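This report concerns only the one structure given below.
Residue numbers count from 1 along this sequence. Indexing begins at 1, ligand by ligand and atom by atom, following the structure's order. Just so it is clear, the structure is predicted and the values come from calculations on it, not from any experiment.
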Amino acid sequence: MTTVAIIGGGTVGGALAGAILRGGHPADQLIVTVRREEHAARLRAELACEVLLDNAEATRRADVVIVATKPQDIGPALEAAGTGRLVVSMAAGVTTAVLEKRLGPESRVVRVMTNTGLMVDQAMSVISPGRHATEADLDLAETLLTSGGRVIRLPEDQQDAVSALSGHGAAYLYFIVEVLTQAGVYAGVAQPIARELLIQTMTGATTLLRESGQHPVELREAIMSRGGATISAFREIERHNVRDALFDAVMAATRRGAELSELA
Ligand SMILES: NC(=O)C1=CN([C@@H]2O[C@H](COP(=O)(O)OP(=O)(O)OC[C@H]3O[C@@H](n4cnc5c(N)ncnc54)[C@H](O)[C@@H]3O)[C@@H](O)[C@H]2O)C=CC1
Ligand SMILES: O=C(O)[C@@H]1CCC=N1
């Protein structure tokens with residue numbers, strides 16, 4: 001088996017550790033690191049694995065180092081990762097070229113964009129190899145991430161757009177649920193009922209989207225009756241330029257992804 005060190009047991013690192021353990025990875029071959037003892041104690045209670053404050057000790061014992069700090073905190077984590085072992089970076093925007101430059105020539109790196117679906121084993125993770133990563137390195141990254149959901153491989157030049165779609169895509173949905181719940185309450189439905197109506201509707205809609213293979217426009221048109229309520233709703237959505245807002249949001253996030261590499 002492979003000993004894995006996750007540097008940065010925050011939202012993503014902690015969720016990935018949980019998913020890896022649920023996937024059957026032996027607990028004695030997973031080490032998570034954080035910066036503060038209170039955080040370590042909390043994580044030890046949540047995860048049945050070792051949680052350390054000492055990155056050097058964790059990486060010394062590891063075959064693969066997963067870096068799950070914010071992009072601007074990646075420096076010390078990469079320093080601790082040292083040379084000779086596979087480094088998997090979860091950091092948004094940070095390119096494999098930057099990682100390789102920091103880690104040294106011939107370093108084996110895999111760049112990942114995942115999402116918080118890791119917490120319920122429903123993540124979408126996208127992996128891209130650096131120049132020296134082997135097929136076995138990609139397989140290992142894919143196996144670890146598959147514990148937390150689906151994994152696909154894409155060329156690295158798509159990673160900033162991936163971040164804008166699946167990396168934080170759930171935030172778009174949470175915002176839509178937030179606004180629709182509020183509107184539902186205004187229209188007279190109790191808050192918990194409005195929430196349940198929306199969650200079940202989204203679950204059904206995404207399941208149908210996947211299982212039918214149909215284009216979203218076709219599925220939407222099937223809902224929109226002639227002279228009905230849905231068309232009245234969409235007249236407002238188009239009038240308020242929601243289409244442009246979402247399109248521009250994805251463009252802005254993609255551009256910001258490219259800027260994040262400069263923070264590393
Ligand atoms: N939150 C999200 O939905 C997503 C985040 N990401 C990426 O994942 C990475 C982590 O993001 P989050 O988990 O949201 O951040 P976070 O702030 O929740 O977690 C980062 C953790 O790393 C710890 N840390 C920082 N420097 C450290 C060091 N030198 N040694 C040990 N621990 C250290 C921090 O104390 C913190 O607990 C980021 O690079 C982000 O771009 C990617 C996809 C989705
Ligand atoms: O906001 C961010 O930069 C990260 C990337 C995807 C989700 N969170």
Side-chain angles (χ1 to χ4, degrees), residues 4-20 30-44 46-47 49-60 62 65-82 87-96 98-99 102 109-120 122-128 141 144-145 148-152 154 156 158-175 249-250 252-264:
V4 178
I6 299 180
I7 303 190
T11 305
V12 163
L16 179 61
I20 289 174
L30 176 64
I31 310 162
V32 180
T33 73
V34 292
R35 286 186 292 196
R36 287 176 298 106
E37 182 47 40
E38 313 86 84
H39 187 175
R42 214 167 52 241
L43 268 189
R44 282 186 204 111
E46 272 172 38
L47 304 167
C49 71
E50 214 173 337
V51 182
L52 303 178
L53 300 183
D54 187 343
N55 287 334
E57 167 66 8
T59 56
R60 189 186 59 74
V65 176
I66 300 179
V67 177
T69 65
K70 294 286 189 200
Q72 57 271 34
D73 294 330
I74 208 169
L78 293 178
E79 218 165 279
V87 171
V88 176
S89 167
M90 313 296 283
V94 183
T95 61
T96 57
V98 164
L99 297 167
R102 294 290 189 90
V109 304
V110 173
R111 175 176 170 188
V112 179
M113 178 45 61
T114 188
N115 65 29
T116 51
L118 282 174
M119 293 176 195
V120 289
Q122 289 286 348
M124 181 69 249
S125 301
V126 176
I127 59 177
S128 309
L144 293 169
L145 287 158
R150 295 167 85 97
V151 182
I152 60 171
L154 283 178
E156 184 175 9
Q158 294 179 38
Q159 281 282 18
D160 292 330
V162 165
S163 171
L165 292 177
S166 56
H168 65 245
Y172 303 135
L173 291 186
Y174 295 141
F175 178 70
V250 170
T254 304
R255 284 194 300 275
R256 181 61 185 152
E259 288 166 10
L260 288 176
S261 210
E262 284 153 32
L263 300 178

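- Taking atom 2 (C) of ligand 2 as the reference point, the nearest protein heavy-atom neighbour is A92 CB, 4.7 Å.
- Here the CZ-CD1 distance, from R35 to I7, works out to 12.0 Å after rounding to the nearest 0.5 Å.
- Residue-level proximity to ligand 1 for V94 is absent, since no heavy atom of it falls below 4.0 angstrom.
- Only the backbone of A68 comes within 4.0 Å of ligand 1, judged by heavy-atom distances.
- Per-residue contacts place I7 under 4.0 angstrom from the following atoms of ligand 1 (heavy atoms of the residue considered): 30 (N), 31 (C).
- The protein heavy-atom contact nearest to atom 7 (C) of ligand 1 is M90 O, 3.2 Å.
- Protein heavy atom at the shortest distance from atom 19 (O) of ligand 1 is G10 CA, 3.2 Å.
- Less than 4.0 angstrom separates some heavy atom of H39 from each of these atoms of ligand 1: 37 (O).
- The shortest non-hydrogen separation linking L99 to S89 is CD1-CB, 3.5 Å.
- Comparing L52, T114, T11 against atom 44 (C) of ligand 1, the shortest heavy-atom distance belongs to T114.
- Selection from N55, V32, L43 by nearest heavy atom to atom 30 (N) of ligand 1 gives N55.
- When A164, A171, G167 are checked for heavy-atom proximity to atom 7 (C) of ligand 2, G167 turns out nearest.
- Counting atoms of ligand 1 from 1 in the listed order, those under 4.0 Å from a heavy atom of T116 are 3 (O).
- In summary, the atoms of ligand 1 found under 4.0 Å from a heavy atom of V12, numbered by their order in the structure, are 1 (N), 2 (C), 4 (C), 5 (C), 6 (N), 8 (O), 13 (O).
- Judged by distance alone, the side chain of T59 and the main-chain N or O of N55 form a donor-acceptor pair under 3.5 Å.
- Comparing heavy-atom distances from atom 24 (N) of ligand 1 across R35, M119, R36 singles out R35 as nearest.
- In summary, the atoms of ligand 1 found under 4.0 Å from a heavy atom of G167, numbered by their order in the structure, are 44 (C).
- Counting non-hydrogen atoms of neighbouring residues, nucleotides and ligands closer than 6.0 angstrom, the CZ atom of R150 reaches no more than 12 such neighbours.
- When all heavy atoms are compared, the tightest approach of V32 to G9 is CG1-CA, 3.6 Å.
- Here is the list of ligand 1 atoms found below 4.0 Å of a heavy atom in P71: 38 (C), 39 (O), 41 (O).
- The minimum heavy-atom distance between Y172 and V250, with the atom names listed, is OH-CG2, 3.8 Å.
- Nearest heavy atom pair, residue L144 against residue I20, reads O-CG1, 3.8 Å.
- Looking only at protein heavy atoms, the nearest one to atom 41 (O) of ligand 1 is A92 N, 3.0 Å.
- Interface atoms of ligand 2 facing S163, defined by a heavy-atom separation under 4.0 Å, are 5 (C), 6 (C).
- Looking at T69, its side chain never comes within 3.5 Å of a backbone N or O of G8 through a donor-acceptor pair.
- Taking only nitrogen or oxygen atoms, main chain and side chain alike, T69 reaches within less than 3.5 Å of ligand 1.
- Contact record, R111 with D160: NH2-OD1, 3.1 Å, taken as the closest heavy-atom pair.
- Protein heavy atom in closest approach to atom 23 (C) of ligand 1: G8 CA, 3.7 Å.
- Backbone and side-chain nitrogen or oxygen atoms of G13 are examined, and none is located within less than 3.5 angstrom of a nitrogen or oxygen of ligand 1.
- In terms of modelled atom types and a separation under 3.5 Å, the side chain of S166 and the main chain of G169 share no donor-acceptor contact.
- Closest approach of M124 to N115, counting heavy atoms only: N-OD1, 3.3 Å.
- Looking at N115 next to ligand 1, no N or O pair under 3.5 Å apart turns up.
- T33 OG1 to E50 CD: the interatomic distance, rounded to the nearest 0.5 Å, is 11.0 Å.
- Residue, atom and distance of the protein heavy atom nearest to atom 11 (O) of ligand 1 are K70 NZ, 3.8 Å.
- Ion pairing between R44 and E37 holds under the 4.0 Å rule for side-chain N and carboxylate O.
- Of the protein's non-hydrogen atoms, the one nearest atom 1 (O) of ligand 2 is H168 ND1, 4.9 Å.
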